[in-house]
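Just below is one structure, and these are the notes that go with it.
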Amino acid sequence: MREIEIPSITFAELLELHSVILFDAYGVLAGSDSILPHAPAAIEWLRSHSRAYFVLTNDASALPETRAERYRQMGLSIPAERIITSGSLLERYFYDSGLTGARCVVLGTADSVRYVEDAGGVVVGYEDEFDALIIGDQSGFPFLSATDSALSTMFRMIDAGNPPRLVLPNPDLIYPEGDGFGFASGTVAQMFESALDLRYPDRHELRFERLGKPHPAMFWEALRRSGSMDMAMIGDQLGTDIKGANDFGIASVLVETGISSADSSSSSDTPRPTYRMGSLAL
C-alpha cells in the first residue's frame, strides 16, 4: 500500500496561513480532567490578537455554558459563544424535521435533556412511547434499564408500523480518557443498530441520523459565525475532524495528542489531513 507524505506544520505557521482556527475539544485542547499542554497559551494568543476561533465538539453532554465553566475551572478561558456543540445542532434539526413538540426519550445527562427541550422536544420517561430517541451521551442515565426499556418500546412501535426517529448528535465511537480511552455515544448507537439488524434484517432505514462531525452542520455553523471559508480545523480523529473538514472544503490538521496517529493517516485509503502537527506549541 502506497504511503503519502503529509507535510508538518507548527501552530504559529498555521496562524500565518488561515484567518479562522477551529479546534476539536477532546484530544486537542483537553481530556476529561485536564488541559493539554500549550492549549492555554494558544487560546490566549488568539484572544489577545483578536483572531477568530471556535471549538467544534461532538460532545452533546454539556451546554456551551457548562463546558466553558468546566474549562475555566481547569485553567482554560474559552467563552461559551466560542463553543459549538453537536447538541446545539438539535434546534435546527428539530425545526427542519418537523419534530417540534415531539415526544422524546433522551439517553444522556441533564444537559443532554436540556438540549432537546430547548430544541422544542417534549422529554418523556424511558418506558413511555416516543416519537424520537435521542442519544445525547453514554453516561448520566441508568444505562441497562434505560436502554432495555427504549429498545423494547422501539420494537413494539416498529411492529405496529410506527417506527420512531433515531437521532445521534455525537457519532464519536471513543474518546481520550486520562491515560486511556472510553466508549462514546456513537458506540451506544451501534449497539441499538446491531439489535435492529438482528430483529429487522431487511429494514436498513432503521438507523440513527448523525449530526456531528464529520457531517457538515457544525462546519456550516462555524462559517455562519465567522463569515469566512478561510478556516483550518485542528483535530485528533481522522474519521470525524479530518474527514469533516476535507469534505467541507477547508484545511485539516491532524494533531498528534489524541486518538489518531500521523502514521495512520499516511495510507491512501484513509482521510488525509492537509497538515500534521505535533502540538499546539507556538
Side-chain angles (χ1 to χ4, degrees), residues 4-30 36 38-39 42-43 45-47 49-60 64 67 78-79 81-89 92-93 169-172 175 186 210-262 264-282:
I4 303 172
E5 183 66 26
I6 299 167
S8 180
I9 196 170
T10 66
F11 186 58
E13 290 169 340
L14 189 70
L15 292 169
E16 299 262 339
L17 296 176
H18 298 282
S19 59
V20 182
I21 304 299
L22 309 178
F23 297 95
D24 181 39
Y26 287 102
V28 177
L29 296 174
L36 293 180
H38 311 296
I43 295 298
W45 191 96
L46 291 166
R47 186 203 64 79
H49 288 78
S50 300
R51 290 288 296 272
Y53 75 92
F54 298 96
V55 178
L56 272 58
T57 173
N58 274 354
D59 180 21
R67 185 59 61 204
I78 300 179
E81 60 267 22
R82 294 286 183 183
I83 302 174
I84 302 174
T85 70
S86 65
S88 67
L89 303 175
R92 171 56 60 180
Y93 176 83
N170 178 6
D172 287 356
Y175 66 97
R210 289 157 166 83
L211 306 184
K213 298 171 292 182
H215 306 284
M218 198 173 291
F219 295 98
W220 278 114
E221 179 61 17
L223 174 60
R224 186 189 71 79
R225 296 191 193 188
S226 69
S228 173
M229 275 292 288
D230 185 24
M231 300 185 287
M233 176 75 213
I234 303 175
D236 73 314
Q237 293 201 49
L238 292 170
T240 55
D241 307 315
I242 302 307
K243 184 180 188 311
N246 290 351
D247 290 349
F248 197 70
I250 62 175
S252 59
V253 184
L254 181 68
V255 68
E256 299 168 12
T257 55
I259 289 177
S260 299
S261 67
S264 64
S265 67
S266 61
S267 171
S268 59
D269 59 356
T270 59
R272 183 179 186 271
T274 312
Y275 308 104
R276 59 184 178 89
M277 179 185 294
S279 73
L280 297 179
L282 285 160

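No hydrogens, no waters, no symmetry mates; every other heavy atom, side chains included, goes into these values.
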Is a side-chain donor or acceptor of [X] paired with a backbone partner of [Y] at a separation under 3.5 angstrom?
X: Arg210; Y: Gly186; result: no
X: Arg51; Y: Leu15; result: yes
X: Thr274; Y: Ser252; result: yes
X: Asp230; Y: Ser19; result: yes
X: Arg82; Y: Val55; result: no
X: Asp241; Y: Leu254; result: no

Check: [Y] and [X] side chains under 4.5 Å, non-hydrogen atoms:
X: Ile250; Y: Leu223; answer: no
X: Thr240; Y: Asp24; answer: no
X: Asp247; Y: Pro216; answer: no
X: Phe11; Y: His38; answer: no
X: Glu81; Y: Pro64; answer: no
X: Arg67; Y: Ile78; answer: no
X: Ile84; Y: Leu56; answer: yes
X: Met233; Y: His18; answer: no

Going from [atom1] on [X] to [atom2] on [Y], what distance comes out if it is rounded to the nearest 0.5 angstrom?
X: Asn170; Y: Lys213; atom1: CG; atom2: NZ; answer: 9.0 Å
X: Ile83; Y: Phe54; atom1: CD1; atom2: CZ; answer: 11.5 Å
X: Arg224; Y: Arg92; atom1: CZ; atom2: CZ; answer: 9.0 Å

Run through Val28, Asp172, Ile242 and flag the one making a side chain to side chain contact (heavy atoms under 4.5 Å, CB included) with Gln237.
->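 Among the candidates, only Asp172 passes.
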
Do the rings of Phe248 and Trp220 sit parallel, tilted or perpendicular, given the 30° and 60° boundaries?
->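 Phe248 vs Trp220 ring planes: perpendicular.
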
